[in-house]
2 protein chains.
Amino acid sequence: MGRNKELNELMKDERKQQIFSSALKLFATRGLASTKIADIAQDAGFSQGLVYHYFKSKDDIFIQLIKMAFTQLNSAAKQLEHFDLPHLQKLKIAYESMMDGLVHHEDAALTHLLIATSSASESIPDEARLIIDEQYFFPYEVIRRIIEAGQTDGSIVSKNSRDLALLFWSTIRGLSIYRATHHDTFVVPEVESFLAMFRNKE
Amino acid sequence: MGRNKELNELMKDERKQQIFSSALKLFATRGLASTKIADIAQDAGFSQGLVYHYFKSKDDIFIQLIKMAFTQLNSAAKQLEHFDLPHLQKLKIAYESMMDGLVHHEDAALTHLLIATSSASESIPDEARLIIDEQYFFPYEVIRRIIEAGQTDGSIVSKNSRDLALLFWSTIRGLSIYRATHHDTFVVPEVESFLAMFRNKE
DNA sequence: ATTATTGTTGAATAAATATTCAATCAATAA
DNA sequence: TTATTGATTGAATATTTATTCAACAATAAT
């Protein structure tokens, strides 16, 4: 018979991981259409044909990456909500940990970028669009709930919570995009400046 | 001889305008690579071949649009700087007029989106990249100077002005992107929430 | 009306790129 | 060893799409 099955699976996963890693980088920085299968293969360090041994198509890779990106983001959001912290502190932690990701974890930065640019694109596979439509608002809702809780105890300013959640994520997304092209000069803005939008000052 | 020259020029400009308009919409929402010449022609309402009567190539259209987008944005920034208003008010006006653009002027919204997504892309023509690299920071510098002036007179908080300018534009860009995909549900967040990042509260 | 000029089309053509595939290779269980 | 299985390659092939082009149309000066 052939080779050991479990080891095989491991190697297969490793290969897939390599492909995901290269594809994430390229899709996030160049977009789906501009990224060639040849680019992914080259970046991952093997032949074009092999990509098709592991994935059905370019779209397939993209769709799976989108799934993974939202899974990560949304599970982080879910975790955040259940932390035992004052509400304003949760916003602070969220900002700080995402900024830390942007600066220190290339993959996290690329994941944010992929979400920001893919969500805004009208030229992604239907299945990717479906996933985005289903999952996009979850982090908004989490932040909104945290804001409303903070408004109840007076720590967060009494403005429309939907607006505030929108400001929260727009700012984060904007910073993610900036960071993508200017990693060299990117410095995280002080969290207190960011929090000023939410803090209740009376 | 042929037809009247000036009229011709006018008609030619009008045609070009049509192409620009369709291309702006498509490039901004789908990206350069996903936008087909056929799409542009169809949207503008004429044949594929005609596009090449007015433009050298797809890249050519894109590059000119990028030029126009930065010209608009940067001249608006320049104007803003010379308004005779308190410094914090300038930030307020900037936010309000850009938000007004997002909501009421499709082209303004698309221009912001084009800038946000193209700037972040590593797969645009060299000439477009050049223009972006030359012009990208101008609005940041304008806002930064306004912030520093406001810090001098005490109306704006004394944090690093570069950070604050980054927050300013990141938030605007984030909102632009959100608006692009969710025009139906987009509501402009109150300017006071936005301004809280900059206002000196003592 | 005629003619010169530019506008316009849609069908080639040329390039680029996704996908398939036949052949070879590497590992290992027998 | 050797037979079997899956991995890997690189060269087809198929598809998509940018670009060119030959033909026809419309316009307006003569």
Considering residues at least two apart in sequence or located in another chain, which fulfil the side chain to side chain contact (heavy atoms under 4.5 Å, CB included) criterion with A180(A)?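 Partners of A180(A) under the side chain to side chain contact (heavy atoms under 4.5 Å, CB included) test: L113(A).
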Whole-Å distance between [N] [atom2] and [X] [atom1]?
X	N	atom1	atom2	result
I19(B)	dT19(D)	CD1	P	13 Å
H53(A)	dG6(D)	NE2	P	9 Å
F46(B)	dT6(C)	CZ	C1'	15 Å
Q42(A)	dT9(D)	CD	C1'	15 Å

List the steps, then state whether ring pair (Phe, Tyr, Trp, His ring centres under 6.0 Å) holds for Y178(A) with H182(A). CA-CA 6 Å; Y178(A) 181 92; H182(A) 300 90; 4.6 Å; yes
Within the 4.5 Å heavy-atom criterion, are [X] and [Y] side-chain neighbours or not?
X	Y	value
L167(B)	L175(A)	yes
K159(B)	F198(B)	no
N74(A)	P139(A)	yes
V157(A)	R199(A)	no

Which parts of residues 21-30 of chain B get close to DNA chain C, meaning a heavy atom less than 4.0 angstrom away? none
Classify the ring geometry of Y140(A) against W169(A): parallel below 30°, tilted from 30° to 60°, perpendicular beyond 60°.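 The rings of Y140(A) and W169(A) sit tilted, inter-plane angle from 30° to 60°.
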From L166(B), I172(B), T171(B), residue fulfilling side chain to side chain contact (heavy atoms under 4.5 Å, CB included) relative to F168(B): I172(B)
Given protein heavy atoms under 4.0 Å, the one-letter contact record of nucleotides 11-21 of chain C, with B base, S sugar-phosphate only and - none, is simply ------SSBB-
At under 4.0 Å between heavy atoms, what does F55(B) touch on the DNA or RNA strands: base, sugar-phosphate, or nothing? nothing
